[in-house]
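Numbered from 1 within each chain, the chains take letters A, B, ... in sequence-line order. No experiment lies behind these values; they were computed from the predicted model shown.
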There are 2 protein chains.
Amino acid sequence: MSSVAKIENVRTAQPAIKAVPDEPERVGGFRYARPKVAVDIIVFAVSNHRLSCYLIQLKRGPLSSRWAFPGGLVRVGESLDAAARRELASPTGLSDAYIEQLCTFGDPSRDPRSHVVSVAYMALISAPGLVKAPDKYADGKWFEVSNLPPLAYDHALMANYALKRLKAKLAYTNIAYSLLPETFTFAEFEDLYATILGRQPDRRNFRRSIMAMGLLKELPMKRTGRHRPATLFSFATRSPQIIEML
Amino acid sequence: MSSVAKIENVRTAQPAIKAVPDEPERVGGFRYARPKVAVDIIVFAVSNHRLSCYLIQLKRGPLSSRWAFPGGLVRVGESLDAAARRELASPTGLSDAYIEQLCTFGDPSRDPRSHVVSVAYMALISAPGLVKAPDKYADGKWFEVSNLPPLAYDHALMANYALKRLKAKLAYTNIAYSLLPETFTFAEFEDLYATILGRQPDRRNFRRSIMAMGLLKELPMKRTGRHRPATLFSFATRSPQIIEML
DNA sequence: TCAAAAGTGTTGGCATTACACCCATGA
DNA sequence: TCATGGGTGTAATGCCAACACTTTTGA
């Protein structure tokens with residue numbers, strides 16, 4: 001169960017531009033909605049023992065100054081995955097992060113202005129540093145997941161769902177690789193799990209089971225610090241895999 | 001991890017009706033797509049030891065006479081879940097089946113006529129009998145999942161995804177209740193698992209573990225047949241629950 | 001030499017597996 | 001009485017959880 005909707009043939013033919021009113025279409029006697037289609041992206045990162053996600057502050061509209069996940073409308077000829085990657089790259093500059101479709105929210109009243117169907121994505125990145133809010137937002141910053149401000153639209157639902165999914169997938173996939181730098185100590189790896197799952201596993205058992213499944217590759221270098229140097233590790237493979245982890 | 005996007009406040013205010021061309025909208029210098037939004041629904045049922053799903057035959061358009069999952073455009077003021085339930089009720093007459101959003105497909109070229117974003121749903125019903133294809137389709141019938149015809153659009157992707165999800169959820173939820181009638185014998189229950197998962201569990205161990213977790217309620221009646229009468233069971237609770245089943 | 005983090009083995013209990021025979025009925 | 005599917009118990013195994021001390025370094 002990994003990212004789906006992988007077809008990415010972006011259409012190149014470009015139809016003429018024309019403004020479209022937000023009106024329904026009548027076909028066969030029924031009035032079909034013409035909702036706008038957006039993607040919203042929940043970007044997770046871990047830093048100093050805290051799971052954080054990136055929020056932007058809305059600039060315009062009836063919800064201006066409220067916090068929300070970054071997102072935007074799908075463009076002409078663009079797939080959903082491509083739109084999500086674009087919305088991720090816009091504040092972070094990252095183009096190859098782990099990204100996964102979560103689910104789609106389409107209540108007609110979820111946006112007070114018009115009917116907007118939004119496809120929620122989750123992205124996992126390792127460095128929460130580099131992020132800068134694009135001009136279309138009033139502001140953007142990282143919030144600890146355990147301490148989010150009130151969110152616009154139905155984004156609180158998205159946040160709950162994303163967190164549940166992240167926790168679940170941590171237990172049966174190797175996606176943790178996308179939250180860690182290229183090399184890391186075992187303690188950092190373990191701390192990632194403790195942080196996201198909210199509990200400290202038994203250190204000996206955890207190390208034993210992780211090492212037994214060959215997830216990590218021991219590197220010949222050590223990280224020296226104030227204390228006993230720690231062996232460095234990297235992931236044996238940095239592509240998403242289903243592995244019974246816990 | 002159950003059905004999401006549960007907000008169901010259907011808007012009552014109804015804007016004026018007007019035909020909408022399939023053209024992009026220009027906002028802030030970018031050309032935003034105005035895709036149509038559809039739901040497609042993968043209806044599963046089990047009968048005589050086979051997992052089947054319901055397909056319809058397209059009547060119009062460039063893919064006419066191809067097989068596909070039933071589905072249709074979202075109507076004005078309608079949520080995605082409501083649209084999915086409507087598309088399920090249309091051939092089956094069922095309104096309370098288990099239904100769950102799967103994922104959303106939005107490649108701009110997935111429909112040769114225009115950009116259609118489709119939200120895939122899965123539904124589980126117990127009686128594959130009652131189904132009758134609505135007039136908008138040329139035909140409709142049940143196919144064994146292991147023997148599907150070529151499917152229109154990207155519906156083969158949907159089928160794969162749905163099947164994977166069904167198998168996974170069978171192992172950690174009680175959604176099997178929606179594939180069985182109100183009462184059933186233990187052999188029928190066991191056969192459901194064997195059929196969908198494609199392997200025969202050890203009968204004694206399977207019964208022991210299922211009974212130990214209190215999923216089923218033993219009824220005071222028996223089903224008599226040609227042979228030794230079998231105890232009838234029903235589910236202790238017929239609402240979706242997370243339970244480690246296997 | 002002390003503080004702080006890194007690293008490591010053994011055991012008991014529990015849960016899962018494997019396995020084969022008797023039972024109740026209708027024909 | 002026989003064919004057919006319904007229903008059950010026990011022993012062996014493997015896995016997981018619990019548990020505490022030694023090592024290495026920098027200050």
Please list, chain by chain and in numerical order, all residues satisfying salt bridge (charged side-chain N to carboxylate O under 4.0 Å, His left out) with A:Arg223, sequence neighbours excluded. A:Glu188
If the condition is salt bridge (charged side-chain N to carboxylate O under 4.0 Å, His left out), which residues does B:Arg208 pass it with, not counting sequence neighbours? none
What's the shortest heavy-atom distance between A:Arg66 and A:Leu151, and which atoms? NH2-O, 3.2 Å
Whole-Å gap separating P (D:dG6) and CG (B:Leu216): 15 Å
Before we go on, tell me: are the rings of A:Tyr177 and A:Phe189 under 6.0 Å apart, centre to centre? no
Classify the side-chain pair A:Ser118/A:Asp40 by whether it contains a donor and acceptor separated by less than 3.5 Å. yes
Need one value for A:Thr231: base, sugar-phosphate or nothing, where a base atom within 4.0 Å counts as base even if backbone is also close, heavy atoms only. sugar-phosphate
Would you confirm whether the ring centroid of A:Tyr121 sits within less than 6.0 angstrom of the ring centroid of A:Phe69? no
Please write out the pairs of protein N or O atoms and N or O atoms of nucleotides 9-11 of chain D separated by less than 3.5 Å, giving the distance to one decimal.
residue	atom	partner	partner atom	Å
D:dT10	O4	B:Arg208	NH1	3.1
D:dT10	O4	B:Arg208	NH2	3.4

Quickly work out the B:Phe184 CZ to D:dG6 C1' distance and round it to whole Å. 16 Å
Any side-chain donor paired with an acceptor under 3.5 Å for A:Thr104 and B:Thr104? yes
In degrees rounded to 10°, what angle is found between the helical axes fit to the five outermost pairs at each end of the helix from C:dT1-D:dA27 to C:dA27-D:dT1? 0°
Strictly under 3.5 Å: I want the nitrogen or oxygen pairs between protein and nucleotides 24-26 of chain D, one per line.
residue	atom	partner	partner atom	Å
D:dG26	O4'	A:Arg226	O	2.4

Does a side-chain N or O of B:Arg207 approach OP1 or OP2 of D:dT8 to a distance below 4.0 Å, or not? yes
By side chain to side chain contact (heavy atoms under 4.5 Å, CB included) - contacts of A:Ala230 (at least two apart): A:Thr185
Can you tell me how far C1' of D:dA18 sits from CZ of A:Phe206, to the nearest Å? 17 Å
Only counting residues at least two apart or in another chain, list the ones meeting side chain to side chain contact (heavy atoms under 4.5 Å, CB included) with A:Lys59. A:Ala138
Rounded distance in Å - CZ (A:Arg203) to P (D:dA17): 17 Å
Return each pair, listed once, that meets salt bridge (Lys or Arg N to Asp or Glu O under 4.0 Å) where at least one residue sits in residues 136-148 of chain A; pairs must be two or more places apart or across chains. A:Arg50-A:Glu144, A:Glu87-A:Lys136
Positional range of nucleotides in DNA chain C within the contact set of chain B, heavy-atom, under 4.0 Å: C:dT17 to C:dG26
So, using salt bridge (charged side-chain N to carboxylate O under 4.0 Å, His left out) as the criterion, who are the partners of A:Arg86 when residues are at least two apart? A:Glu78
Kindly write out the residues that satisfy side chain to side chain contact (heavy atoms under 4.5 Å, CB included) with B:Glu182, not counting sequence neighbours, or none if the list is empty. B:Arg238
Among residues at least two apart in sequence or on other chains, which ones pass salt bridge (charged side-chain N to carboxylate O under 4.0 Å, His left out) with A:Arg228? none
